[in-house]
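Position 1 is the first residue of the sequence; numbering continues from there.
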Amino acid sequence: MVDRILKVNAYTTFDLLDGTVEGHGFDEEAYAVLNATTDSRDDPDHVELQLEMDNTQLDEVEPHADKVALSAEQARELAAELEKYAGRVEAAEE
């Protein structure tokens with residue numbers, strides 16, 4: 001991805017995922033970076049979930065990155081939901 005807003009390196013959770021941007025009257029596909037991290041290395045107070053779509057593949061959306069701050073409890077709840085839905089996908093593939 002050219003002109004990234006998020007730092008993407010060996011520690012990034014996922015890079016080059018298949019993503020979709022959906023809006024009123026448009027639907028575009030682009031590569032995406034998805035990262036889970038904390039707000040600081042030494043004394044974090046929340047988990048940060050970051051998402052950036054490859055802006056070279058999008059016409060309808062200005063270059064940007066989205067971030068969501070999660071408490072430790074919320075991050076664990078999200079992890080449990082991801083596990084549940086991953087199980088459903090695995091069961092469907094069998």
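Side-chain atoms of E60 do not come within 3.5 Å of backbone N or O of G23 as any donor-acceptor pair. The main-chain N or O of H46 is found under 3.5 Å from a side-chain atom of D39 such that the two form a donor-acceptor pair. N35 contributes a side-chain N or O that, together with a main-chain N or O of T13, makes up a donor-acceptor pair within less than 3.5 Å. S71 contributes a side-chain N or O that, together with a main-chain N or O of Q74, makes up a donor-acceptor pair within less than 3.5 Å. Side-chain atoms of E48 never come within 3.5 Å of backbone atoms of V68 as a donor-acceptor pair (strictly under, hydrogens ignored).
For the pair E28 and D59, the tightest heavy-atom approach, listed with the atom from each and the gap, is OE2-N, 2.9 Å. The minimum heavy-atom distance linking K67 with L6 is given by the pair CE-CD2, 4.0 Å. Taking each heavy atom of D54 and A30 in turn, the nearest pair found is O-CB, 3.9 Å. Summarising the geometry of Y11 relative to N9, their closest heavy-atom pair is N-OD1, 2.8 Å, with the distance given to 0.1 Å. Taking every heavy atom of both residues into account, P44 and T38 meet most closely at CB-CB, 3.5 Å. Nearest heavy atom pair, residue T20 against residue E29, reads OG1-CG, 4.1 Å.
For the residue pair D42 and S40, no side-chain donor N or O sits within less than 3.5 Å of a side-chain acceptor on the partner.
Rounding to the nearest 0.5 Å gives a distance of 12.0 Å between CG of L16 and CG of L34. Once rounded to the nearest 0.5 Å, the distance linking OH of Y31 with CE of M53 reads 11.5 Å. Within the model, atoms CG of L49 and CG of L78 stand 6.5 Å from one another, a figure rounded to the nearest 0.5 Å.
The side-chain heavy atoms of V33 and L51, taken from C-beta on, include no pair separated by under 4.5 Å. Residues Q50 and T37 meet the side-chain proximity criterion, which asks for heavy atoms closer than 4.5 Å.
Counting non-hydrogen atoms of neighbouring residues, nucleotides and ligands closer than 6.0 angstrom, the CZ atom of F26 exceeds 12 such neighbours. E81 CD: more than 12 foreign heavy atoms inside a 6.0 Å radius.
By the rule that hydrophobic residues join a cluster once side-chain heavy atoms approach within less than 4.5 Å of another member, L17 and V89 end up as members of separate clusters.
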